[in-house]
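Working notes, beginning with the structure itself.
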Amino acid sequence: MAMRVSFYGHVRQYENLKSEIDKNIQEVLMSGQYVMGPMLARFEKELAAYFGSKHAIGLGNGTDAIWLALMAMGIGPGDEVITHPNTFFATAEAGWIAGCKVVFVDCDPKTKNIDPAKIEAAITKKTKAIIPVHLYGQCADMPAISKIAKKHNLAVVEDNAQAIDARGDTFKQGELSDAVTTSFIIQKNLGCYGDGGALFTCRDDINETVRKLRNHGSNKRDHHSLGTNSRLDDIQAGVLSAKLKHISAWSDQRIQWAKRYAAGLKDVKAIDLPYSKPGYRHVFHVYSVETKDAAKRDAMIKFLVENGVDAKTHYSIPIHKQQGYPWGKEAQIVGSVANAEKSAASCVSLPMFPEITAAEVDYVIEKVLAWDKANR
Ligand SMILES: *Cc1c(COP(=O)(O)O)cnc(C)c1O
């Protein structure tokens, strides 16, 4: 039987939580305080408590969270930051907005996260920070990254826009870094109904500075420095407060769907399945498979879409091949980035969201198996 399986379940999620979300929105509307009001303060407390961070600061979006973290540590023009090119453009863009040179190294071929073994070759006297991304919902190798950072006296900013609620058995996000940044845009695992982001930190100095920076460099009346306008508004904080209690259960559901995909697809020959590192809670922001033959990737997506499965790519163009990549002084690639390029050329994201049904996952599996059989 033909079906349509969409990539996201935003409306299903809203329908499930409608009364909790509507109640919080009403409360904000009736409070008369919509920016830096009591709902934001309440949500920030809940967020910090939930993830065991000393501080959580609501911001305008996940991109601002990264550059404000850098700015709060005095990292800017003349400085270099290291990340990898197979991530969303914003990871690097935030470095450029902060005025830094962004240096790219390759990803690990299995996890697709930054390969710690490639980082040291990219460190110069100007290097100030490493920005690992917890891509697709799995933490980067934070123990290895923090060891390198300590040795070279570098800051670490974890871009966890895709991995809220992910962790390693031996570490939590924020324990091995200076700051953790996230995004609450709807397609993320914890999403609001507009733009939003947050920064988590255990450092009091970063907390104080970012709280000023998000509000025009101001603490009450006096503007201490230049800043920006980047505040999570209270309506979004209310939406997120209602959703926060469910995030662990949603992550568990994503993990169950990933297991169902893995079991159903275990005999495929033309496709590689995502890799979960032992000892890591991979929360599957994206269920990204790769065609063994990169030349067949677009055809696989076409086949799935024609058969009712909304498949996408994350991300088909690595940052250094984007039109907006600032060739020249502001960017540099150190070593080969062949793993990142291969992944970009062959990745296919299958529908993955907590509210997907078993019948939908099974339908996707059936179509992927059909494509695999025809392309062995
Ligand atoms: C979504 C995302 C961001 C940016 O978040 P916005 O809220 O859209 O600014 C940054 N980094 C990664 C890895 C992302 O997936």
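Numbering of ligands and ligand atoms starts at 1, following listing order.
The six-membered or imidazole ring of His282 lies away from that of Tyr280, with a centre-to-centre distance of 6.0 Å or more. Between Phe353 and Tyr8, the ring centre distance reaches or exceeds 6.0 Å.
Residue contacts with ligand 1: Ala90 is placed with no nitrogen or oxygen under 3.5 Å of a nitrogen or oxygen of the ligand (distance criterion only).
Which parts of ligand 1 touch Gly62 is read off a 4.0 Å heavy-atom cut-off, strictly below it: atoms 5 (O), 6 (P), 7 (O), 9 (O). Residue Thr87 approaches ligand 1 through these ligand atoms, each under 4.0 Å from one of its heavy atoms: 13 (C). Taking every non-hydrogen atom of Val133 and a distance limit under 4.0 Å, the qualifying atoms of ligand 1 come out as 13 (C). Of all atoms in ligand 1, listed by their number and element, those nearer than 4.0 Å to a heavy atom of Asn61 are 7 (O), 9 (O). Atoms of ligand 1 found under 4.0 Å from any heavy atom of Gln162 (numbered from 1 in listed order, with element): 13 (C), 15 (O).
Nearest protein neighbour of atom 2 (C) of ligand 1, counting heavy atoms only, is Lys188 NZ, 2.5 Å. Nearest protein neighbour of atom 13 (C) of ligand 1, counting heavy atoms only, is Asp159 OD2, 3.3 Å.
Residue Thr63 touches ligand 1 through backbone and side chain together, judged by heavy-atom distances below 4.0 Å.
Note on Arg42 versus Glu27: salt bridge recorded, some NZ/NE/NH1/NH2 to OD/OE distance being below 4.0 Å. Classification of Asp64 and Arg214 as a salt-bridged pair fails, no side-chain N sitting under 4.0 Å from a carboxylate O. Between Asp362 and Arg260 there is a salt bridge, with a side-chain nitrogen of the basic residue lying less than 4.0 Å from a carboxylate oxygen of the acidic one. A salt bridge links Glu290 with Lys342: the distance from a Lys NZ or Arg NE/NH1/NH2 to an Asp or Glu carboxylate oxygen falls below 4.0 Å.
Residue contact check for ligand 1: His134 places no non-hydrogen atom closer than 4.0 Å to it. Contact analysis leaves Asp195 out of contact with ligand 1, as no non-hydrogen atom separation drops below 4.0 angstrom.
In plain terms, the two heavy atoms of Pro132 and Ile145 that are nearest each other are CB-CD1, 3.7 Å.
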